[in-house]
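Reminder, nothing fancy here: chain letters follow the sequence lines and each chain counts from 1. Only this structure's heavy atoms are used, side chains among them; waters, hydrogens and symmetry mates stay out.
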Amino acid sequence: MAPISEEAFIEKLRFEKFESEQAKAEESLVLLEHVVANSEWKTASELLNLLRNVVTAVRAKMPWETTPCNMVQRVIKIVIDEYNTCRGASDGGGYQGFSQMMFVDPASGDLPECTDVIPELQDRILEAVAEHKAEVEQSQELIALQGESKIHSDEVIMTCGMCPMVLAFLTKAARRRKFHVIVAECAPKHDGHPMAKSLCSAGIQTTLIQDCAVFPMMSRVNKVIIGTQTVLSNGGIKTFVGAAPLASAAKFYSVPLYVCTPTYKFSLVSSEEVNHHGSGSTIVPQDSNLTSSVNVVVAKFDYVPPENVTSFITNNRGIAPSYVYRQLSELYHPTSYDL
Amino acid sequence: MAPPEGSKRRKPRKRSKKRTSQSGACASPSPGRIPGEPLQGGGPVSVPSEVEVPKPVPLVAGHQQPNTPEKGSPQSLSPKKRTPQRSALSARLVKTGQPQPGVCATGPQQPETPKGGTSNVVLTKKSPLNGPVSKLGSAKADSPKPKSPNTKFSSPPKLGLPPEASENVITLEADAPLELPPQQQQTKVGSSKNQQSHRKPNSPQPTPAQDCILPPITTSQLLTLETLSSFIPVVGVEKANSLSDVKEQSTSLTKGTSDANFITLKSEGDKGIIMSETNKLDNLCNLLENIVIQHSGKEAMSNNTIKLPVAQTSQTITGPPPVKVPPSTTDSPPTTTSQHKGEKTKEEIECERKGRKEAKKAKKKGGEKAKSENDKENYKNINVENKKKESQEEKVMSMATNTQQIQPGDQQGQLQQHTKLSVALEGTDQSDAAGKSKADLKRERREKQEAQRQAKLAAKAKQEAEKQQKGQEEAHPSNNKIRLPQKKKKLEGEGLRRLKDRKSFSKGPSDRRIPLLGHLTPYSSQPPLLPVNCDTIHPAVRTLGLKMKDRIVDGSTARVVSTLAALKQFIHDYRTPESCDLSRDLAEKLLPNVAFLNGCRPQAIAMDNAIRFLKHKINSIEPNMPEAQAKDELRTAIDEYVQDNINLGSSTIASHAAMLIQDGDVILTFGSALVIEVVEAACNVGRRVSVVVADTPYPPSGAAMVKILSALGVTTYYRLITDVTHIMHKVTKVVVEAEAVMMNGAVQGMCGTASLALAAVTHDTPFIVLYADRVVFCPSRDYCGLLVDWRQMQKLNVVSLVYDVTPACLVTALVTEQSVLPTSAVPVIIRRNYADILGQD
């Protein structure tokens, strides 16, 4: 994958040229590798500032895009860890010291001072980033491998919309298990239709329903498995429109709701920042001439509160919503919480 | 070859005569069945139809045999089929038409290699079974062939029809052995052939003699169609066709069959039966259209116009039996096309080209169809090869061999005649012929297998079906599939592919039962079939049923009022037999009418209540009361019921609900006429309200409401129902309309109501239900525009629910014509208002 410039990357994000969050994450890492390898920096602090500028540029234009920011914050964590390791600091490695975790003030927004010039730092960072990149690339496969253990035979699974993670998860599970998938079409994008086709072609008994039939069908469902765009810091998720009614229906019928998400979707964003409204033109029936006085809007994302999520299925392990904060502390450095 | 044909022909003719006589006999019994059974069932067409089919088939055969009578039959068939079928089944027809070309191509392709031989084989095999092939062959072969097809028809039923039927097609086919088992096998083998044959019959229909043949075909086609289309899962998926005229005609034509179908169907399942019947009609229509198309082409192509019609008639006769094999019929039509090729070189060539193209497409889709095609091809060689090759299909094979043996002679004769033409067209005659025979055998086997599966006769059949399905889905065919496809592939790749596609397609629909939702009634574009000359259904009821089915009359209130009006007319026209009490006899006569309505569309709760009320009134009539007085009493009671429960009720609800709405309220609702009235009433009282209309993309029923509200000057928001959570913080009340309220307080409403209730509860917003039995917008019909080809996918079902039920715990208040109530008060209200009709069935 040829590295692209930061501007080109942002343009690509803006016009939604990426096929999936996975592609965003991988391309972000390519861009960051490029920044680390080809930018002029001598100390770790200079590199951290460069990385922070990338986050700022993305957030300025697309505040709802979290995956690239997650990747930058992940690389920042890598840089700080490698720097500390090289300096022989005691708190190196992936495990954050408890005292430091508790007493670093994220609100300061200041990255740690890393002013020592370490010649081998760049190589070590690039190595660690490549390792992380490999982890990202394998995440879908690792998630899919858990399908067998999460889905039991003859279960009825409900999902909504198109998510490559969920598709891989179900397809893999279908090799060993026989189950039935109900797909909600997920208006207004209606990407449940290709999802249903893909599942069907994978040999899974599939039923496509309209979104409003989620509630009546929920009583027959054993599990709800959906994908997400972002896992928020409170354990909730920011995901496709239609997930909130789906999740509350699952909650009403006490049906467990699993979210397939790789760890790169874990974000430090909190739930208040979820809503971004898109154009309502996509939902207006074509033959109906609604007057301009009618308020027509469709949201970009739905917010599902943590109490409606049973568990996250990640490439590492299952994570409960209440444990997301701990996962975040492992993934990101406390000083990068508020970039 | 020739001698066997002649013998066969002779036999069939005799049989046809017998059939005609039988048909008459059948007709008389069928009506008897019809009155009681149709009312009850309304649903399960397939299995019963099979049993009954035999009778209808004989009738058809009778029509076919006498060429002169054809005119009358074709007329009835053609008008019905043409008008309704064309409209409703245009899509299907297109599909069938495509498969047919494909079949032709496949047939020709296989034949092509052997040239004339193959084509002839296909024709012969199909021609006995399927009309089209025989027609083509007959056109060329002329008079002898037409006779042979007729004889074949008659003969097959006599010979092995019952066994074949059981083996070959699904339940329907098994039940309808009458249709000429060999022919059925053939038809099963190539549904496309059948379709073609039907098409050809259509062309003949214009010609009087051919017309006679057509009607029988239509009946058989109807049966097959039922199996094919019976699985339409979605309530609103298919567009409703107002086929009242067509339906009536078709019903009259298929009286015998429909009666039998009704009976058996009733026992099985209402919904499924209805669907299958409607599908049959659609299939018939498709076949007719195809016939017309092909026929025109044939006429132009064929030098022997006179002979052609005869051949067509014979073919049409053969065609119907294939039609009876519903599952395989879809596959068979293509085979029929191949037969056509044999008849006319130009047509054949064209068909072959199309078929090759289709075959390529088909290869991608699935192996079953290809298998069926192979069966057709192998048909000539069938007996020996089948036994050896397909151990699993032994039972089916035996059946097929019987049928095949009978027909092969004719086919061979036809083949010989056609060989020259086919050779000119296609390079390899001998190989094709062999391949065709094999293919035919395979087809037959497959058809038999399918029939077994569908009939659920044996666990083996089920297992095979599962294997086949798995194989299709996974592209790893089961043993059966593999065997057939391999042979076919060797012989003719494209033709096999086409056949496979067709088979899988046909099987898909016939087998398709919506998992988890099998208890729901799928929407059907066709009404339940009625026996010919059925006098148990009052015309007013019949008309209303069709209107309700097509949602011309929609909404529980409108349905109740129109139902009562129709029943009032029924009572008005009722005359008590001398030997019976009015109360007892009228209640009995009422049953089929109610069952018909239920068959057209499952009754609304309010309709059920009204009918219970009416039955209660009928039962409470004194035995010695004069008939005129009793009828007057009943009609008065109906008027009062409508006035008290509907007219007065709906007018007071708006005012009740308006009292609940305060100034500045933001109301979230779902497309509903009653809510508009409430908003209007609130505005008239001086309340400023704004309205959020939640809508579903299919259908956008809320858009009309938004227009009306914005015209009223009300601030309106238009949102998707999935997007409601983002505006719930603004909403102060959720107001929806109920279709019905259950005894436990649960509310039945348009699908999506429960989602709003849940959103309201999670946001602590009052959820108010209006229960007035008012008309609701929301015909959900044109669904799945984005997923056009889902029917071809074996494991994919598309479901559009029409109603959902909101649990009582989510409902804050229930606004009725009496008062505003909590849901816990519902049992009290029901007990008070409906005590006299509770417990009646």
Side-chain angles (χ1 to χ4, degrees), chain A residues 156 160 180 182-188 190 192-194 196-197 199-218 220-221 240-246 248-249 251-252 275 277 280 283-291 293-299 302-303, chain B residues 233 470 473-474 514-517 692-700 702-704 706-707 709-711 715-727 750-755 757-759 761-762 780 783-784 786-787 790 793-801 803-807 810:
Chain A
V156 179
C160 186
H180 186 138
I182 298 172
V183 183
E185 62 180 3
C186 195
H190 298 290
H193 295 245
K197 273 190 174 178
L199 288 171
C200 174
S201 58
I204 301 171
Q205 183 72 51
T206 311
T207 301
L208 182 69
I209 60 173
Q210 72 275 55
D211 289 323
C212 57
V214 160
F215 185 90
M217 292 298 288
M218 188 60 76
R220 310 290 294 275
V221 170
F240 54 85
V241 171
L246 176 71
S248 54
K251 177 84 170 175
F252 183 82
N275 287 328
H277 289 285
I283 64 167
V284 178
Q286 293 178 348
D287 53 348
S288 69
N289 302 315
L290 296 185
T291 58
S293 64
V294 179
N295 177 320
V296 182
V297 163
V298 65
D302 254 4
Y303 167 66
Chain B
K470 291 178 181 178
E473 294 171 356
E474 297 175 1
I514 313 169
L516 304 177
L517 295 174
V692 180
V693 178
D695 202 2
T696 54
Y698 295 105
V706 169
K707 280 187 196 169
L709 289 174
S710 59
T715 309
T716 29
Y717 303 84
Y718 183 79
R719 292 287 187 279
L720 280 184
I721 198 165
T722 50
D723 196 22
V724 159
T725 48
H726 293 107
I727 203 172
M750 301 312 295
C751 194
T753 306
S755 300
L758 198 55
V761 166
T762 50
S780 92
Y783 183 60
C784 307
L786 301 176
L787 207 53
W790 65 272
M793 310 180 105
Q794 192 78 18
K795 289 209 164 187
L796 180 59
N797 292 295
V798 179
V799 175
S800 175
L801 298 180
Y803 301 113
D804 65 10
V805 173
T806 307
L810 299 180

Worksheet entry | Winner by heavy-atom pair count (cut-off under 4.5 Å) against chain A, out of A694(B), G752(B), A757(B), A711(B) | G752(B)
Worksheet, complete the sentence: Turns out that what part of I182(A) lies under 4.5 Å from chain B's heavy atoms comes down to side chain
Discussion item. Which atoms of L810(B) are under 4.5 Å from chain A, going by heavy atoms: the side chain, the backbone, both sets, or neither?
Written reply: side chain
Discussion item. Please classify the contact of V156(A) with chain B as side chain, backbone, both or neither, using a heavy-atom distance under 4.5 Å.
Written reply: side chain
Worksheet item: Counting heavy-atom pairs under 4.5 Å to chain B, which of S248(A), P188(A), P245(A), A244(A) comes out on top?
Response: S248(A)
Worksheet entry | Contacts of D804(B) that satisfy side chain to side chain donor-acceptor pair (under 3.5 Å) - sequence neighbours left out | none
Worksheet item: Under a 4.5 Å heavy-atom cut-off, does chain A meet the side chain of T725(B), its backbone, both or neither?
Response: side chain
Practice prompt. Have a look at T722(B) and tell me which of D302(A), V214(A), V241(A), L246(A) forms a side chain to side chain contact (heavy atoms under 4.5 Å, CB included) with it.
Written response: V241(A)
Discussion item. Can you give me the closest heavy-atom contact between S293(A) and S710(B), atom names plus distance?
Written reply: OG-CB, 4.1 Å
Item to complete: List the atom of A299(A), the atom of D723(B), and the distance in Å for their closest heavy-atom pair.
Response: N-OD2, 2.9 Å
Worksheet item: In terms of heavy-atom proximity below 4.5 Å to chain A, should A759(B) be classed as side chain, backbone, both, or neither?
Response: neither
Response to the item:
Okay, L758(B) and chain A: the region with an atom under 4.5 Å from a heavy atom over there is side chain
Worksheet item: Got a sec, which residues hit side chain to side chain donor-acceptor pair (under 3.5 Å) with T715(B), two or more places apart in sequence or on another chain?
Response: none
